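Protein chains get the first letters and strands the later ones, always in sequence-line order, with residue 1 at the start of each. Below, each value reflects all heavy atoms present in this structure, side chains not excepted, and no hydrogens, waters or symmetry copies. Remember, it's a predicted structure, so these values are computed and weren't measured experimentally.
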2 protein chains.
Amino acid sequence: MAFSFRQVRYFIAVADAAKISSAAADLNVSQSAVTAAIKALEDELEARLFERHPSGVTLTYEGHQFLQHARSIEATVSEATRALRRTGSAETGEVRVGLTYTVAAYFLPQILARFTRAFPGITVHMQELAREDIESGLMNGNLDIAVMLVSNLQNSLSIDSEILVRSRRRLWACADHHLVARETVSLAEIAAEPYVMLTVDEADDTAMRYWRKTPHLPKVIFETSSVEAVRSMVATGMGVSILSDMVYRPWSLEGQRIEVRPVSDEVPSMDVGLGWRRDSNLSAPARVFYEYLSLTYGGSGHGFVNAKP
Amino acid sequence: MAFSFRQVRYFIAVADAAKISSAAADLNVSQSAVTAAIKALEDELEARLFERHPSGVTLTYEGHQFLQHARSIEATVSEATRALRRTGSAETGEVRVGLTYTVAAYFLPQILARFTRAFPGITVHMQELAREDIESGLMNGNLDIAVMLVSNLQNSLSIDSEILVRSRRRLWACADHHLVARETVSLAEIAAEPYVMLTVDEADDTAMRYWRKTPHLPKVIFETSSVEAVRSMVATGMGVSILSDMVYRPWSLEGQRIEVRPVSDEVPSMDVGLGWRRDSNLSAPARVFYEYLSLTYGGSGHGFVNAKP
DNA sequence: AAAATGCCATCAATTTTTCCGATATCGTGT
DNA sequence: ACACGATATCGGAAAAATTGATGGCATTTT
C-alpha cells in the first residue's frame, strides 16, 4: 500500500489515451515522467498494467482490473474534496434544542463553541428542561431536537434517539478512602459506606434501578441536585457516590482530590444522545445540528468518554 | 484534486492518535513532517481539519467529514492492491468456445494471445461454426460459451448474451470514388452504385433488413463469403459495400486504398458479444473467459471500435 | 531501400517535494 | 515561576518527480 494518487491519475490518463505520450500532453507533463510513474506503479503492484506496442499501449487484464479500482479511487477522492467545498457553513436558521441538566452542564458547552464557529449562520436556542418537558416539547413542536440522557426516555415510541457518547459510571471516593486501595469495588462494599445521592436528571431513579438488582441498598446520607455538592462531599470524605465519567473532575472546588474506581457489579453507563420526534421532518438547521453532533461524536467510534483512571 | 495519498494516510493516523507527535511515531516519521503534511492538506482543502490544543488535536466538523472520506479512500486503495494480488492466473481447466466467422477472423486472435498469457493454465478450444450450430452447441452442452454476432441470435429465450463491442457499419469505396468526396452518403445514393454483398455470418440477411426499410435495393453485382474478395473488388472500384469497421483495413491485398464514409440512413452496428445458455452454470474456466472478455472490452466503455477516418 | 514518423524506454541534470532535527511557542499542571 | 507536553517553524539534507535529450523499434511514407 504505497502508490500515490499521482500515479493513479497518470494511469487513468494513459488508459484513456492509450498512448503514454498523448496522456503526458493531456497531463501537461513530459512523456518520461509518465513512463516513470507507470513503471513505478507496476513495480509497486507487482503487475504489468500495460502492454507496450509501437503504436501505443493497451491494458492488460490486470490493467483492466486496476482501472476499475483506479476510477473508484478517483471518484472517492474527488467526492472527498467536493463534499468539503460545500461545507454547510452557509446554512442559516434557528434550531431549538432542549437539554437535560447534565448535558447542559457537562456535555454541550465545549461542542457548542465549535458548532457556532462551523455554522455561524445558525442560531441555537438552548433550553434546559426536565426530561418530561423535553419529551412534551418535542411532541408539541416547541423543540426541534434534544440532547439528553436517552436511557431515561419514556416515550420511546414517538421519539427516536441516537446515542452520542456512553459515559461509564464509577465509584467516586476521596483520595485517602480505604476503598481506593482496591482495584475494583463491588456494590456490596459500597453499600456499607455513607452515600451521596445525586438527584438531577433522574440520577436517583437510575441508581435505584441497579441497586435493586442487588440485595443491598446505599446508605444515603445526603441527596442533592448539585454535582458540585456531591463533589465536595466526596472530596472531604463525607461519603462516596457513583457517577458518570462525564461529570468527573479530579479536583473539587476546595482543591481536594477525588479518585474513581470501577464497580465490579453491572452498572449501566450514562448514555447521552439526541432525541427527536419520530415522524418529524427535521428543519434544515436542526438537521445540520443533528449531523454535526452525530458526526462529531457518533463518528468517533461509539466509545466511552473516559475520565482519567 | 491535488492532495496526496500520503497526506491522507497521515491525516488518518493523526485523527486516530489525536496527537500529531504520536501519529508521527506510529508512522515512523518526524513530528514536523506530519505537521507540514497536515497543514498542506488543510491548505489544499481550504478547510481547517484539526483544532490544535496544548494536549493534542481534535477533529473539526470538516475534519470529521473528511475522515469518513479518508477512510473510504484508504479502503478503496487497499482494495485495489489486494484485488490485484489474487490475480486468477492460477486458474486451470478447459473452455470450449464457439466462434462465428467474423469473430474468428477479426476479433479474437489478438485477444486470445493476451488471454492465454494471463491464464496459461486454461486451454481454449475454439471452433468456428455457423450461428445455428453455435446455438445448438450451447444448448446441448458441446460448447461452454460463444463469441458471436449477438444481434443475429435467434434463440434469445434460452441464450443470454452480452455485447462486447459495437462496430459501426459504413460505406466502403475506392479512394477515387465519387461518393468519397461526400461527408456522408445516403442509402439512396448507394443504391445507384454496383454493390458487393458479403454473405458470411448472415451479413446479407442483416443488410437486407436495413435496405428493406428504404424504397431502394442495392445493385448487387457480386456475392461472396470472403471479406478479402469484397475488399479487393471495392479497392479496384468494381463496386462499393457496407461493412463494419471491425473488418476494415485501409489497404486491400493489392495495395490499393479503401475509404470509408458514414451512411446517413440508419444502419445497425455489428454487435460482437458473448453468448451462453441462460440456465447454465458456467464452468470455472468459462467464467474466467467470460470475465476476461467482459472486462477487457465491456469495461472500456461500450464504445465503438473505430476505423480511422 | 531508405528516410521519416510515432511510439516508448532510459539517463543525467534539475527542480520540487518531503523529511529531519533543533528551536520557538503556547497552555496546563505542579 | 517552572517544567512538561504538545504543536509550529525554520534551514539544510535527502528523496522524489520532472525535464529534455537520446536511442531503439516498428510502421508508414518517399
Starting at atom [atom1] of [X], determine the distance to atom [atom2] of [N], rounded to an integer number of angstrom.
X	N	atom1	atom2	value
K19(B)	dC4(D)	NZ	P	18 Å
L27(A)	dT19(D)	CG	P	10 Å
Q7(A)	dA17(D)	CD	P	7 Å
L41(A)	dA17(D)	CG	P	11 Å
E42(B)	dT7(D)	CD	P	13 Å
D43(A)	dA16(D)	CG	C1'	15 Å
R9(A)	dA17(D)	CZ	C1'	12 Å
F50(B)	dA6(D)	CZ	C1'	14 Å

Inset, instruction - Specify the residue among G56(A) and A33(B) whose closest nucleotide of DNA chain C lies further upstream toward the 5′ end. - result: G56(A)

Legend entry - Flag, side chain of R168(A) to backbone of P262(A), donor-acceptor distance under 3.5 Å: no

Inset, instruction - Taking only Lys NZ, Arg NE, NH1 and NH2, and the carboxylate oxygens of Asp or Glu, determine whether E42(B) and R52(B) approach each other closer than 4.0 Å. - result: yes

Short side-chain N/O contact to [N] OP1/OP2 from [X], under 4.0 Å:
X	N	result
T35(A)	dA9(C)	yes
R6(A)	dT18(D)	yes
R52(A)	dA9(C)	yes
K39(A)	dT10(C)	yes

Legend entry - Minimum-distance nucleotide (side-chain atoms of I20(B) versus dT19(D), dG27(C), dA8(D)): dA8(D)

Legend entry - Which residue lies more 5' along DNA chain D, comparing P54(A) with S30(A) via nearest heavy atoms: S30(A)

Legend entry - Polar contact flag, side-chain donor to acceptor under 3.5 angstrom, T35(B)-Q31(B): yes

Legend entry - No-H, no-angle donor-acceptor pair, Q31(B) side chain to dA6(D) base, under 3.5 Å: no

Inset, instruction - Please confirm whether any donor atom in the side chain of S32(B) sits under 3.5 Å from an acceptor in the base of dG21(C), or the reverse. - result: yes

Legend entry - Mutual orientation of the aromatic rings belonging to F11(A) and F50(A) [parallel < 30°, tilted 30-60°, perpendicular > 60°]: tilted

Legend entry - Check: F66(B) ring centre within less than 6.0 Å of Y61(B) ring centre: no

